[in-house]
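Note that the structure is a prediction, hence the values are computed from the model and not measured. Protein chains get the first letters and strands the later ones, always in sequence-line order, with residue 1 at the start of each.
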Protein chains: 2
Amino acid sequence: MKFDDRIPIYYQIKQYFYQQIITQQLQPGDKLPGVRQLAVDLTVNVNTIQRALQELITEGVLFSKRGLGNFVTTDHDTIKQLKHRVVSGQVAWYYHQLEKLGLSPASMQQALADYIEEENHDPKS
Amino acid sequence: MKFDDRIPIYYQIKQYFYQQIITQQLQPGDKLPGVRQLAVDLTVNVNTIQRALQELITEGVLFSKRGLGNFVTTDHDTIKQLKHRVVSGQVAWYYHQLEKLGLSPASMQQALADYIEEENHDPKS
DNA sequence: GTTAGTGTCATAGCTTTCTATTACACTATA
DNA sequence: TATAGTGTAATAGAAAGCTATGACACTAAC
């Protein structure tokens with residue numbers, strides 16, 4: 001897995017699991033791969049995996065059964081809140097970054113619209 | 001100045017100067033405060049200021065006159081490109097983060113619109 | 001020429017993050 | 001009860017970033 005070397009890896013791994021859960025690629029009650037396997041898959045050390053998982057467990061997003069594995073919470077409300085928290089966080093971050101750069105709300109929306117337009121220049125032919 | 005402790009301070013200082021220049025609070029040819037003064041203002045060490053400035057100089061955004069100070073480039077084209085680079089970068093980042101979270105382009109625009117709506121709930125009375 | 005203000009550089013030490021490695025604890029099952 | 005698969009934990013070392021500090025080089029003005 002590719003990491004942004006300006007941000008701690010364990011933090012990026014947390015974001016990765018957020019994504020997996022929010023997009024339902026990991027569903028409530030699902031068992032995660034073993035920590036040693038995750039370490040191989042994400043090309044990091046077991047301790048780094050562990051640090052990320054530990055925080056997710058503290059947040060109630062995952063739970064651990066010693067000797068069995070780590071699992072996604074079965075509390076649908078927690079997952080709903082997680083999704084809201086993560087998405088809202090991204091939007092707020094975007095808004096305030098562009099605000100600092102002097103853009104008006106209308107300009108922000110226009111900039112996004114323009115970017116989406118570009119992304120759609122059919123990659124066929 | 002407040003810093004996000006997940007990101008190197010020198011990197012955040014670079015962003016700060018980008019903002020200052022893009023919003024024209026620092027204009028072409030302007031002299032920056034001395035490095036020792038900046039260190040006090042931003043509550044970091046001179047070496048950390050130096051590292052940020054050095055990269056900005058390498059990028060051509062600033063130039064240094066030994067014994068005199070650091071100055072904003074007078075090349076308007078460089079500044080124009082900087083603005084485009086920084087704003088585009090933010091938009092692209094936002095788009096891809098939300099894409100990873102499973103949102104459609106339409107949902108992204110809606111989420112931004114909703115946030116702007118919230119921000120405008122008149123804070124008066 | 002001296003002084004004050006400026007950029008530049010180097011060293012040493014601290015903290016955080018990450019790695020490698022080893023060990024221990026628990027669960028299920030043959 | 002032995003074994004394989006799992007989570008958990010501790011240690012030591014490397015690398016990056018930040019700080020504190022001191023020194024040096026250049027410019028302008030007295």
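Distance, B:Gln37 CD to C:dG7 P: 11 Å, rounded to whole Å. Look at CG on A:Leu38: it is 14 Å from P on C:dT19, rounded to the nearest Å. Protein atom CG of B:Leu53 is 15 Å distant from nucleotide atom C1' of C:dC9, rounded to whole Å. Straight-line distance from the CG atom of B:Asn45 to the P atom of C:dG7: 14 Å, rounded to whole Å. Per the geometry, CZ belonging to B:Arg6 stands 17 Å off P belonging to D:dG17, to the nearest Å. The CG atom of A:Leu32 sits 19 Å away from the P atom of D:dG5 (whole-angstrom rounding). Taking atom CG of B:Leu62 as the reference point, atom C1' of C:dT8 lies 16 Å away to the nearest angstrom. Distance CZ (B:Arg51) to P (D:dA20): 17 Å, rounded to an integer number of Å.
Considering only the side chain of A:Val46, D:dT8 comes nearest among D:dT8, D:dC18, C:dC9. Which of D:dG7, D:dC18, C:dT27 sits closest to the side chain of A:Arg66 comes down to D:dG7. Listed nucleotides: D:dG17, D:dT8, D:dT6. Nearest to the side chain of A:Lys31: D:dT6. Taking the side chain of B:Ser64 as heavy atoms from C-beta on, and the options C:dG7, C:dC9, D:dT8, the nearest nucleotide is C:dG7. Side-chain proximity of A:Gln50 to the nucleotides D:dC18, D:dT8, C:dT27 is greatest for D:dT8. Comparing C:dA10, C:dT17, C:dA20 by their nearest atom to the side chain of B:Asn47 picks out C:dA10. For A:Leu68, counting side-chain heavy atoms from C-beta on, the closest listed nucleotide (C:dT19, C:dA28, D:dT19) is C:dA28.
For the residue pair A:Lys14 and A:Ala52, the shortest heavy atom distance occurs at CG-O, 3.9 Å. What you find for A:Thr23 and B:Lys100 is that their closest heavy atoms are CG2-O, 3.3 Å. Pairing each heavy atom of A:Leu38 with each of A:Pro33, the nearest pair is CD1-O, 3.6 Å.
Between A:Ile7 and B:Gly34, the residue whose closest nucleotide on DNA chain C is further toward the 5' end is B:Gly34. When the nearest nucleotides of DNA chain C are assigned to A:Tyr11 and A:Lys65 by heavy-atom distance, the more 5′-ward of the two goes with A:Tyr11. Residue A:Val35 is the one, among B:Pro8 and A:Val35, whose nearest nucleotide of DNA chain D lies closer to the 5' end (criterion: closest heavy atom). If A:Gly69 and A:Asp5 are placed on DNA chain D by their nearest nucleotide, the residue sitting closer to the 5' end is A:Gly69.
Using modelled atom types, one finds a donor on one side chain and an acceptor on the other under 3.5 Å when comparing B:Tyr18 with B:Glu59.
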Inset, instruction - Any chance you could lay out the side chain to side chain donor-acceptor pair (under 3.5 Å) test for A:Gln90 and A:Tyr94, step after step, and finish with the verdict? - result: CA-CA 6 Å; A:Gln90 285 295 335; A:Tyr94 176 73; over 6 Å; no
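Listed pair A:Asn70 / D:dG7 meets the phosphate criterion, a side-chain N or O lying under 4.0 Å from OP1 or OP2. Between A:Thr48 and C:dT19 there is a side-chain polar atom (N or O) within less than 4.0 angstrom of OP1 or OP2. Proximity of A:Tyr10 to the phosphate of C:dT17: a side-chain N or O atom is located under 4.0 Å from OP1 or OP2.
Residue side chain A:Arg36 reaches the base of D:dG7 through a donor-acceptor N/O pair under 3.5 Å, judged by distance alone.
Within 6.0 Å of atom NE2 in B:His84, 12 or fewer heavy atoms from other residues, nucleotides or ligands are found, so the atom counts as exposed in its surroundings.
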